[in-house]
Each structure stands twice: as structure tokens, then as C-alpha cells.
2 protein chains.
Amino acid sequence: MEKPFILITNDDGVDAKGIQCLASFVKDMAEVIVVAPNGPRSGQSSAITVDRPLRLRLEKEEELMKVYSCTGTPVDCIKLALNKIVDRQPDLVLSGINHGLNTSVSVIYSGTMGGAMEGAIHGIPSIGFSIDDYSKEADFSSLEPIVKTLVANVLSQGLPEGVCLNVNAPKGEIQGIEVCRQARGKWSEEFERRVDPHNREYFWLSGYFDNAEKHAVDTDEHLISKGFASVVPTSVDTTDYSMLKELKNWKL
Amino acid sequence: MEKPFILITNDDGVDAKGIQCLASFVKDMAEVIVVAPNGPRSGQSSAITVDRPLRLRLEKEEELMKVYSCTGTPVDCIKLALNKIVDRQPDLVLSGINHGLNTSVSVIYSGTMGGAMEGAIHGIPSIGFSIDDYSKEADFSSLEPIVKTLVANVLSQGLPEGVCLNVNAPKGEIQGIEVCRQARGKWSEEFERRVDPHNREYFWLSGYFDNAEKHAVDTDEHLISKGFASVVPTSVDTTDYSMLKELKNWKL
């Protein structure tokens, strides 16, 4: 039987430790192609590049693994891979492993999840992985069994079109895998105001995450805090169906 | 009674005709502040700027309207406005009017809708507006009554936290307003490959939209094609609740 074909991207760039670990975790079970940004693209969400052209570079070629870098966003990487690089539809798109969590509303800003959602839009089962460790030298080893379990399950059972998985893991030992929903919350942004040498002000985005559901036990935020890896099925259909019913009663 | 306070952004830039029309449509009913990118940011989705600082510039100041430009994305504009500019919470966030549709899966890539979703994340009722006309000189006049009706309704009835409205309108005469869901579909990307004067290849993103539900009559794509303005309630909770139930049966 032909080996499964897995397309991998991320938003920390092709040289990040997280994507190298992810590729190494799956390379014995699949033919792998990596198409990832040529540098950091954190916070790029599902952005696409429309104002300048993209370039691709073949970085590495082994028998069952090719690695390309791309000058665009994670979504650009998936689009370009599907349109100009692969000669058959991948069986799976993986994105990550992100250095830093993409729980709760961070899924909206995440370039990692932008890459996974793009796979789902194209009808390919897709999973984004993130770990609660921003460091360049983060230890991803505890995620290896989680990645292998989820990849095997998704390869055998598939996912509905337009739905991908958002997987987040705590740092260090993992208690198990739990399926859950996205917590409600927001970033409370505290921009840091500075003044440049020419006496003009500028602002750095910083801020901290505010969990709006501190007592809920069925959210990704809660499960991560208890040492579990969280799995949230994430839809590219953003319609709010309960509000849709209510809106039909408005006099518009 | 104090006038309502409306914060406006877009992704075509502060000088675009669409945002100027939007501000003019609501300026008699509200105090208005515009904080918009200093140039085009199409396709920026919910991207945030983390790798460089942002600058703000006061472009215009009238009694009940201030206009700022910002070097960041639409989401950066909303965050910076809420954190560093306004002295009270806006009653409404508006985004657009976008030059070009943001129906179906385009909501995912849209900087216009990124701005509206950011308002919803902050608990502010928010609406994104787009028209089926990419031209710089697009005629937005048919949208004036639609904008006024929706703004009045949302100001009086509010929206649930985390839900905003994605409003799209056809070019020219509008038959009415219809509430509906996001069509399934995808962009079939045809990158155009070119070769630069140094003999290196590069790729331009282009492509066309593929509606996966050509016979459905309850989608934004269908209603726009019939001459209606479509209103899709759009959630920042991307959890797929039906898949969540199914996933709980997987052996993970």
C-alpha cells in the first residue's frame, strides 16, 4: 500500500524546532512534504499575500521528504503547495508545532491554525499543534505520542469537510488527550508607548490573556491548566446558527 | 441623550472611498472615530502585528468626527483605538465598506471582517460591510439605507457577545435585506508563474471562487446573485459542536 502523503506547514518558519520535531514524528509513517514560511509569521491568522509575488525555495530533498521555504504566510504555503508543488492531493495537512498556545480566541489570530484551516477549506483532514512554551529550544518530546495517535486516528477516520483540529499541549508531562470547546476570552492589550530618537511616539503590542470562563471545566484553557492536551474541532463555517434564527425576526 | 459612539475601520485604507462613504452615512446619528490602516491591507484576515511597532497619525479632526491612520492591520487598528485612543467603550464597531465581496469562505481571509470580529471579541456589537465592486470609484449610494437600517437595529437590540454581522451587497440596485448562512466554497487558486530578469521564478496569487453549493437558496452567495444584501451572523467561537460530540467517541 502506498504510504500516506502529509503536507506540513507552520507559522514560526521552516527553521523552527517545532516544525522539525513534527516532521520527525511522522516521517516513518508517511511521505512528507514541508512548505513553510522562510521566517517567523506569528499572528498572521489566515492572511494571504496579494500585494507582492511569492518565491519558493527547495531547502532539502530526501527520498520521502522534501522541504521548501516560501516568502508568504502559512495560508500562502498551503495554497502554493497544493497548486504548484504536489502532484497528488495530500491525505493530511499538519501545522506546527507552534511555539506557544493557540487556545481560546487565539485560534483567530494564529498563523498555525490559519494553515490548518486552509487544509480544511480544501477538503483535506487537517490538524494544528501548539505547545505552551514560547522558547526557541522548547522540548516537544512529550507531544510525540499525541501527534502519532491523532495522525493515525485522523488518517483512518477522516474529518468532515471544513473542520480541522486545534490541538494544544501543556509544557512537560501530559496527562492525556481531552476533546473540548474553545474557551471564551480575549487579549487585554496593553500597548507599550515609546518615543523614538526623533521624538515621535510608537506602540508595541503586548498584553495578557483574559479567560472569560474561569470556572468552566469543558474548555481548552481549563484542560491545559490541568495538564491535558486539548483537542477542539474547529470549523471554517463561521455562521452563528442560533443568532441566524433570532435575526430572522428582526424587521430589516 | 448622548449620541451613540461609533468606531470605524476597514482594510482598504483610510483614503478608500468605501470607508469615507460609511462614515458619511452614520455621521449624523453618532459621534464617529475612524482608525484605519494607512494603506491597503486586503486579505489580512485577523492578522496582528507583533514584529514591529505601530504608529498612529491624526489625519482630521471635526467636532463629532476624528480620523486616525495606523501603520498596522485592521485588527491592530481596533486594538489600538480601544486601548490608546477612545476614552469610553464604543457602542458599535463598523468595518468597510469593502471594495469587493466577503461572502462564503472569503470571510476567513477578509481584513474587513477581521476588524468586525475584533470588535465582537471585545464585546462591542460589530458589523462588516462589503460590496460586489472592486473598483476604486465604486458607487456605494445604494448601501446607504441598508447601513442606516442595520446600524439603527443593532444599536437598539445589540448582538450577543462574540457574534458580529457580515453584510454583503450586490452592485447597483438592492432588492432588500436577507438573513442567511455562509455558503460552502473555496478559492481555486491559479498562481501565475513568472520569471524575473535574473531568471528566478515567482508566483502571483490570483484564482477564482468555487461555490460548492450552487443549488442552495439560503446562502450569501445565492442571495447576492439574486440582487439582495446578505446578512450572516458570524461567530468568533470556531468550535464545531456537532463534531465535538462525535470526537468524544474516538479512542484518544
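Keep in mind that the numbers below use all heavy atoms, side chains included, and drop hydrogens, waters and symmetry copies.
A pairwise comparison of heavy atoms in A/Asp240 and B/Ser235 identifies OD2-CB, 3.6 Å as the closest pair. Across every non-hydrogen atom of A/His122 and B/Trp187, the tightest pair is CE1-O, 3.8 Å. A/Arg55 and B/Asp196 make their closest contact through NH2-OD2, 2.9 Å (heavy atoms, listed as atom of the first residue, atom of the second, distance). B/Ser46 approaches A/Ile108 most closely through the heavy-atom pair OG-CG2, 3.3 Å. Closest approach of A/Val50 to B/Trp204, counting heavy atoms only: O-CZ3, 4.0 Å. Annotation for B/Glu190 and A/Asn83: closest pair N-OD1, 4.3 Å, computed over non-hydrogen atoms.
Between A/Trp250 and B/Ile177, the closest side-chain pair of non-hydrogen atoms is not below 4.5 Å. At a threshold of 4.5 Å between non-hydrogen side-chain atoms, the residues A/Arg52 and B/Tyr202 do not count as touching.
Here B/Pro233 is the residue among B/Ala47, B/Gly43, B/Pro233, B/Ala183 with the most heavy-atom pairs under 4.5 Å with chain A. The most heavy-atom pairs under 4.5 Å with chain B, out of A/Val231, A/Asp51, A/Asn153, A/Thr71, come from A/Asn153. Note on B/Val236, B/Asp220, B/Val105, B/Leu80: by heavy-atom pairs under 4.5 Å with chain A, the leading option is B/Leu80. Contact tally against chain A (heavy-atom pairs below 4.5 Å) for B/Glu178, B/Arg194, B/Glu118: the top residue is B/Glu118. Among A/Pro53, A/Ser45, A/Gly185, the residue with the largest count of heavy-atom pairs under 4.5 Å with chain B is A/Pro53. For the set B/Thr73, B/Asp210, B/Leu244, the count of heavy-atom pairs under 4.5 angstrom toward chain A peaks at B/Leu244. Interface remark: of the candidates A/Asp76, A/Val179, A/Val107, A/Thr238, A/Thr238 forms the most heavy-atom pairs closer than 4.5 Å to chain B. Per-residue counts of heavy-atom pairs under 4.5 Å with chain A were compared for B/Leu150, B/Leu247, B/Thr149; the largest is that of B/Leu247.
Residue contact with chain A, scored on non-hydrogen atoms closer than 4.5 Å, involves the backbone and the side chain of B/Arg200 alike. A/Lys84 touches chain B through its side chain: at least one heavy atom from C-beta onward sits under 4.5 Å away, while N, CA, C and O do not. When heavy atoms are compared at a cutoff of 4.5 Å, A/Val232 approaches chain B solely by way of its side chain, counted from C-beta outward. Both the backbone and the side chain of B/Gln44 come within contact range of chain A, each with at least one heavy atom under 4.5 Å from a heavy atom of that chain. Interface residue A/Thr234: backbone and side-chain heavy atoms are both found under 4.5 Å from chain B. Proximity to chain A (any heavy atom under 4.5 Å) is restricted, for B/Met117, to the side chain, taken from C-beta onward.
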Quiz item: Under the side chain to side chain contact (heavy atoms under 4.5 Å, CB included) criterion, do B/Tyr109 and A/Ile121 qualify, and how do the steps go?
Solution: CA-CA 12 Å; B/Tyr109 310 112; A/Ile121 288 171; 3.4 Å; yes
Practice problem: Let me see the working for B/Leu205 and A/Thr49 under side chain to side chain contact (heavy atoms under 4.5 Å, CB included), right down to the final yes or no. | Solution: CA-CA 7 Å; B/Leu205 182 61; A/Thr49 302; 5.9 Å; no
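Of residues 159-167 of chain A, those residues lying under 4.5 Å from chain B by any heavy-atom pair are A/Leu159, A/Pro160, A/Val163, A/Leu165.
A side-chain donor-acceptor contact under 3.5 Å links B/Thr239 to the backbone of A/Gln182.
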